[in-house]
Asks: 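What follows is a structure written as structure tokens; I'll ask about it next.
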Amino acid sequence: MTVVGSSSGERTFLDAVNRLLAMIGESEVGTLGSPTRRINNAMRGVADARDEIYYRKMWEFRRGYMEIDLVASTMWYALPVDYCEMAQFMSRNSNEALIPFVSFDKMANMYPELRLFPPGSGVGDLQSITQAAAQTNNFGVSAYYTIWNGYIGLMPVPDADFVTLERTLFGTYWKQAPALASDYDLLGLPRNLWLAHHSLALASFKKYMEYPDWQADKVDGVRLL
């Protein structure tokens with residue numbers, strides 16, 4: 001069966017699974033839906049190897065860039081969906097440059113009037129007029145940022161003058177590995193790591209299938225990294 005891969009030229013979940021099946025003399029499959037035990041083991045092998053490589057170190061291809069468009073009187077802003085952790089402090093669009101990070105607990109201690117509770121805290125309206133009115137002294141030039149539950153929070157809360165001056169904050173971050181669930185989900189690895197991934201995936205697959213020679217493929221995969 002001929003399997004159509006990603007039109008982008010990147011290796012897909014289905015591509016990688018079919019390569020493993022071919023290594024043990026199995027026929028390719030057209031979809032990963034309703035997998036047999038063997039196909040499921042191949043899927044696990046592909047995912048295991050991808051994550052082993054992806055989180056092995058802070059590869060340059062994992063670096064992401066974000067821009068936060070400021071809104072006056074708004075503390076919390078959603079982080080990119082693939083956010084894992086910050087690579088550097090946030091940066092202003094002026095000579096003042098970096099805005100340092102503090103934990104939310106430290107921020108709350110620094111600003112005891114803080115009433116704009118983080119998303120996921122279970123406290124009602126996160127940006128209500130009542131909450132904002134309780135801490136008008138904490139509006140102004142944002143000096144610190146914090147991270148909480150997929151959001152970035154700024155304190156002091158940006159006021160209109162700061163927003164007019166800066167408009168946008170910038171940051172670099174390390175990405176999460178993309179999900180591997182459907183046929184054409186992309187591995188998220190550059191081409192120069194595909195061979196290492198294949199060997200590591202084959203080792204994991206063989207281990208799940210209780211093949212005795214899986215360790216040789218593991219050694220080969222690590223060597224190729």
Asks: Would Phe89 and Val141 show up in the same hydrophobic cluster when neighbours are defined by side-chain heavy atoms closer than 4.5 Å?
Replies: yes
Asks: Parallel, tilted or perpendicular: which describes the rings of Phe104 and Trp76, with under 30° parallel and over 60° perpendicular?
Replies: tilted
Asks: Under 4.5 Å between side-chain heavy atoms, counting indirect links through other Ile/Leu/Val/Met/Phe/Trp/Tyr residues: same cluster for Met58 and Tyr83 or not?
Replies: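 Cluster IDs for Met58 and Tyr83 differ.
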Asks: Is the closest side-chain heavy-atom distance between Tyr111 and Lys106 below 4.5 Å?
Replies: no
Asks: Identify the two heavy atoms, one from Ile53 and one from Leu225, that lie closest to each other, and give their separation to 0.1 Å.
Replies: CG1-CD2, 3.8 Å
Asks: Can you tell me if Asn40 and Tyr208 form a side-chain donor-acceptor pair at under 3.5 Å?
Replies: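 Short answer, no.
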Asks: Can you see whether Phe170 has Arg92 sitting over its ring - NZ or CZ less than 6.0 Å from the centre and within 45° of the normal?
Replies: no
Asks: Under the 6.0 Å and 45° cation-pi test, does Lys218 pair with Trp214?
Replies: no
Asks: When rounded to the nearest 0.5 angstrom, what is the spacing between CG in Leu200 and CG in Leu224?
Replies: 8.0 Å
Asks: Dump the intermediate steps for side chain to side chain contact (heavy atoms under 4.5 Å, CB included) on Glu85 and Ile147, then the final yes or no.
Replies: CA-CA 9 Å; Glu85 61 180 283; Ile147 302 291; over 6 Å; no
Asks: Carefully, step by step, assess Phe101 and Tyr145 under the rule ring-ring contact (aromatic ring centres under 6.0 Å, His included).
Replies: CA-CA 5 Å; Phe101 169 84; Tyr145 77 92; 5.4 Å; yes
Asks: Evaluate the criterion side chain to side chain contact (heavy atoms under 4.5 Å, CB included) for residue pair Phe13 and Met43; output intermediate values, then yes/no.
Replies: CA-CA 8 Å; Phe13 196 15; Met43 293 167 65; 3.8 Å; yes
Asks: Does Arg62 CZ have over 12 foreign heavy atoms under 6.0 Å away?
Replies: yes
Asks: Between Met107 and Met155, which heavy-atom pair has the shortest distance, and what is it?
Replies: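 So the two residues come closest at SD-CG, 3.4 Å.
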Asks: Salt bridge or not between Glu67 and Arg167? Use side-chain N to carboxylate O under 4.0 Å.
Replies: no
Asks: Assess, by modelled atom type and distance only, whether the side chains of Ser199 and Asp217 contain a donor and an acceptor separated by less than 3.5 Å.
Replies: no
Asks: How many angstroms lie between atom CG of Leu202 and atom CG of Leu20, to the nearest 0.5 angstrom?
Replies: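 Taking CG in Leu202 and CG in Leu20, the distance rounds to 6.0 Å.
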Asks: If you define the side chain from C-beta out and look only at heavy atoms, does anything of Leu14 sit under 4.5 Å from Thr31?
Replies: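 Heavy-atom side-chain distance check fails, nothing below 4.5 Å.
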Asks: Should Leu79 and Val71 be regarded as members of a common hydrophobic cluster, given that ILVMFWY residues are connected when their side-chain heavy atoms come within less than 4.5 Å of each other, either directly or indirectly?
Replies: yes
Asks: Identify the heavy atoms of Val102 and Thr146 that sit nearest to each other, and give their distance.
Replies: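 Shortest heavy-atom separation between Val102 and Thr146 comes out as O-OG1, 2.8 Å.
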Asks: Under a plain distance cut-off of 3.5 Å, with no hydrogens placed, do Asp82 and Tyr173 share a side-chain donor-acceptor pair?
Replies: yes
Asks: Please report the closest heavy-atom contact between Gly188 and Pro178, naming both atoms and the distance.
Replies: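 Nearest heavy atoms, Gly188 then Pro178: CA-CG, 4.0 Å.
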Asks: Between Lys175 and Arg63, which heavy-atom pair has the shortest distance, and what is it?
Replies: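 Heavy atoms of Lys175 and Arg63 come nearest at CE-O, 3.6 Å.
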Asks: Decide whether Leu195 and Val46 are clustered together by the hydrophobic rule: side chain heavy atoms of Ile, Leu, Val, Met, Phe, Trp, Tyr closer than 4.5 Å, transitively.
Replies: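 Hydrophobic grouping puts Leu195 apart from Val46.
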Asks: For Tyr184 and Glu10, does a side-chain donor sit closer than 3.5 Å to a side-chain acceptor?
Replies: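 Result is no, nothing qualifies.
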Asks: Would you say Asp15 and Thr12 are linked by a side-chain donor-acceptor pair, where the criterion is simply a distance under 3.5 Å?
Replies: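 Judged by distance alone, the side chains do pair up.
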Asks: Looking at Ala42 and Val17, what are the two nearest heavy atoms and their distance?
Replies: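 Of all heavy-atom pairs spanning Ala42 and Val17, the closest is CB-CG1, 3.9 Å.
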Asks: Could you tell me the separation between the OG atom of Ser142 and the CG atom of Leu70, rounded to the nearest 0.5 Å?
Replies: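 So the gap between those two atoms works out to 6.5 Å.
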Asks: Side chain to side chain contact (heavy atoms under 4.5 Å, CB included) for Asp69 and Tyr77? Distances and angles first, verdict last.
Replies: CA-CA 9 Å; Asp69 295 325; Tyr77 302 83; over 6 Å; no
Asks: To the nearest 0.5 angstrom, please state how far the CZ atom of Phe205 sits from the OH atom of Tyr211.
Replies: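 Separation between the atoms: 6.0 Å.
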Asks: Would Leu189 and Arg11 count as a side chain to side chain contact (heavy atoms under 4.5 Å, CB included) here? Give the steps.
Replies: CA-CA 8 Å; Leu189 297 176; Arg11 184 158 292 177; over 6 Å; no
